[in-house]
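Just so you know, residue 1 is the first one in the sequence shown, and it goes up from there.
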Amino acid sequence: MSVDRHAMINRYKWYEIIAIYCGIAVFLTFVLAPFVEGFLVSLKPISQLFSSPYRFWPENGSFEAYYTMWDHVPGFARYIFNSFFISTIATVVVLCLVVPAAYAFARFEFKGRGVLLGAFLAVNMFSGAVLLIPLFRLMRSMGLLNTYFAMIVPGVAFLIPSAIWLLRTYMMRIPRELEEAAYVDGAGYFYTFRRVVLPLAMPGIAVVGITTFIGAYAQQFIFALTFNSKTEFMPLPIGLFAYFGRQEVIWNELMAASFVGITPAMIVIFFLQRYLVSGLTAGAVK
């Protein structure tokens with residue numbers, strides 16, 4: 001039997017490798033350029049932001065905007081806490097509902113399963129703005145306006161469909177033989193789900209949890225703007241919108257506040273990135 005001496009990593013020619021890296025560089029440029037520019041704007045004095053010709057690199061840049069924006073946005077720490085709290089509760093609720101639902105869709109045959117999955121997928125085609133009026137009437141009838149639940153409930157409703165599809169696909173990769181062996185040994189459905197399926201599905205659950213948290217952190221503006229008018233419940237996007245959009249936009253402080261505001265999400269991603277990578281790559285090699 002002949003052995004291929006060429007490693008898979010060397011299967012590309014030199015010009016193909018250059019083209020691949022150039023493509024990656026272009027992609028990263030488009031993805032990271034807004035963040036780099038936003039960070040540089042936060043370092044510039046306000047007088048340099050509208051100078052002509054425009055200077056990409058700040059002259060005499062400083063972190064002064066990161067200090068002054070705390071005075072210009074009262075309750076800024078409260079807004080960050082509200083965003084983190086809403087996202088955390090929404091993520092926990094989504095996981096509690098999605099994990100058993102995804103397992104049921106992955107393992108059991110029941111009438112209307114395909115139609116229900118299609119309905120879940122169709123939900124993602126609608127923007128939250130389309131349903132604001134019925135959602136507002138629903139929140140008002142339930143007495144949830146001006147509470148955390150006014151932002152958590154609709155957020156959970158819009159995050160569940162994509163989470164079910166993602167986790168269902170992962171659970172379908174778990175071999176059925178493991179569950180059948182547990183059934184032969186006398187284990188019930190719940191015991192098998194808790195002791196066999198859940199440990200194997202943890203990488204997928206971690207991916208769903210991280211993506212749900214990021215989605216909940218990013219979608220708070222439209223729901224909070226419509227369903228909440230109390231300052232103590234405002235998440236970060238509404239807090240910045242309220243104080244930087246009244247008369248003029250102080251762009252360097254707005255960028256500084258934005259970067260500070262996304263810090264909780266970045267911390268979550270940083271500490272859970274190994275679970276994210278393992279979950280995304282699990283099942284790629286058998």
Side-chain angles (χ1 to χ4, degrees), residues 24 27-28 30-32 35 80 83-108 113-114 116-128 151-179 182 189-190 192-221 223 235-236 261-286:
I24 295 174
F27 173 77
L28 291 178
F30 279 99
V31 171
L32 298 178
F35 295 94
I80 296 179
S83 290
F84 186 81
F85 178 78
I86 293 170
S87 302
T88 302
I89 298 300
T91 302
V92 172
V93 174
V94 167
L95 289 180
C96 291
L97 297 175
V98 162
V99 172
Y103 177 70
F105 280 112
R107 285 293 186 260
F108 300 116
R113 185 182 70 165
L116 194 55
L117 283 172
F120 284 149
L121 188 61
V123 170
N124 288 337
M125 300 180 183
F126 292 91
S127 171
M151 293 162 281
I152 293 174
V153 172
V156 168
F158 280 95
L159 290 169
I160 281 179
S162 57
I164 287 180
W165 271 91
L166 182 60
L167 190 56
R168 169 183 173 270
T169 303
Y170 186 88
M171 286 189 171
M172 290 178 66
R173 298 176 180 176
I174 299 176
R176 290 178 178 267
E177 291 77 9
L178 298 175
E179 300 167 60
Y189 285 111
F190 181 76
T192 302
F193 172 72
R194 182 169 58 91
R195 300 300 297 269
V196 177
V197 177
L198 275 184
L200 296 175
M202 285 308 297
I205 295 174
V207 172
V208 172
I210 295 172
T211 55
T212 300
F213 181 87
I214 296 174
Y217 205 86
Q219 70 170 12
Q220 297 169 357
F221 180 83
F223 296 134
L236 180 64
I262 64 175
T263 301
M266 297 301 295
I267 292 175
V268 170
I269 296 174
F270 177 78
F271 285 102
L272 299 181
Q273 61 179 335
R274 64 188 185 97
Y275 298 104
L276 180 63
V277 173
S278 63
L280 292 174
T281 57
V285 181
K286 294 185 178 180

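Atom OG1 of T91 is separated from atom CG of L159 by 7.5 Å, given to the nearest 0.5 angstrom. Note that the CZ atom of R168 and the CE atom of M171 stand 12.0 Å from one another [nearest 0.5 Å]. Of the inter-residue distances, the one linking L97 atom CG with I164 atom CD1 reads 8.0 Å to the nearest 0.5 angstrom. L117 contributes atom CG, which lies 7.0 Å from atom CZ of F120 (distance to the nearest 0.5 angstrom). The CZ atom of R173 sits 13.5 Å away from the CG atom of L200 when rounded to the nearest 0.5 Å. Here I210 contributes atom CD1 and I205 contributes atom CD1; the two are 12.0 Å apart, rounded to the nearest 0.5 Å.
Proximity of a side-chain donor or acceptor of Q220 to a complementary backbone N or O of M151 within less than 3.5 Å is not detected. T192 places no side-chain N or O within 3.5 Å of a backbone atom of A182 that could act as its donor or acceptor partner.
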- Message: Does F213 form a ring-ring contact (aromatic ring centres under 6.0 Å, His included) with F84? I'd like the steps, not just the answer.
- Response: CA-CA 9 Å; F213 181 87; F84 186 81; 5.7 Å; yes

- Task: Please lay out, stage by stage, how T263 and I80 fare under the test side chain to side chain contact (heavy atoms under 4.5 Å, CB included).
- Result: CA-CA 9 Å; T263 301; I80 296 179; over 6 Å; no

- Task: Give the C-alpha distance, both sets of side-chain angles, the deciding distance and a yes or no for side chain to side chain contact (heavy atoms under 4.5 Å, CB included) between R107 and V197.
- Result: CA-CA 11 Å; R107 285 293 186 260; V197 177; 5.9 Å; no

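Across all non-hydrogen atoms, the minimal contact from A201 to Y170 is CA-CE2, 3.6 Å. The two residues T211 and V208 have their closest heavy-atom pair at OG1-O, 3.0 Å. The two residues I86 and P235 have their closest heavy-atom pair at CD1-CB, 4.4 Å. Scanning both residues, L95 and P100, for their nearest heavy atoms gives O-CD, 4.3 Å.
For F190, the CZ atom is loosely surrounded, since the number of other residues' heavy atoms within 6.0 Å does not exceed 12. Residue R195 places its CZ atom among 12 or fewer non-hydrogen atoms of other residues, nucleotides or ligands, all under 6.0 Å distant.
Using cut-offs of 30° and 60° for the angle between ring planes, the Y103 and F193 rings count as tilted.
At least one side-chain heavy atom of L198 sits less than 4.5 Å from a side-chain heavy atom of V99.
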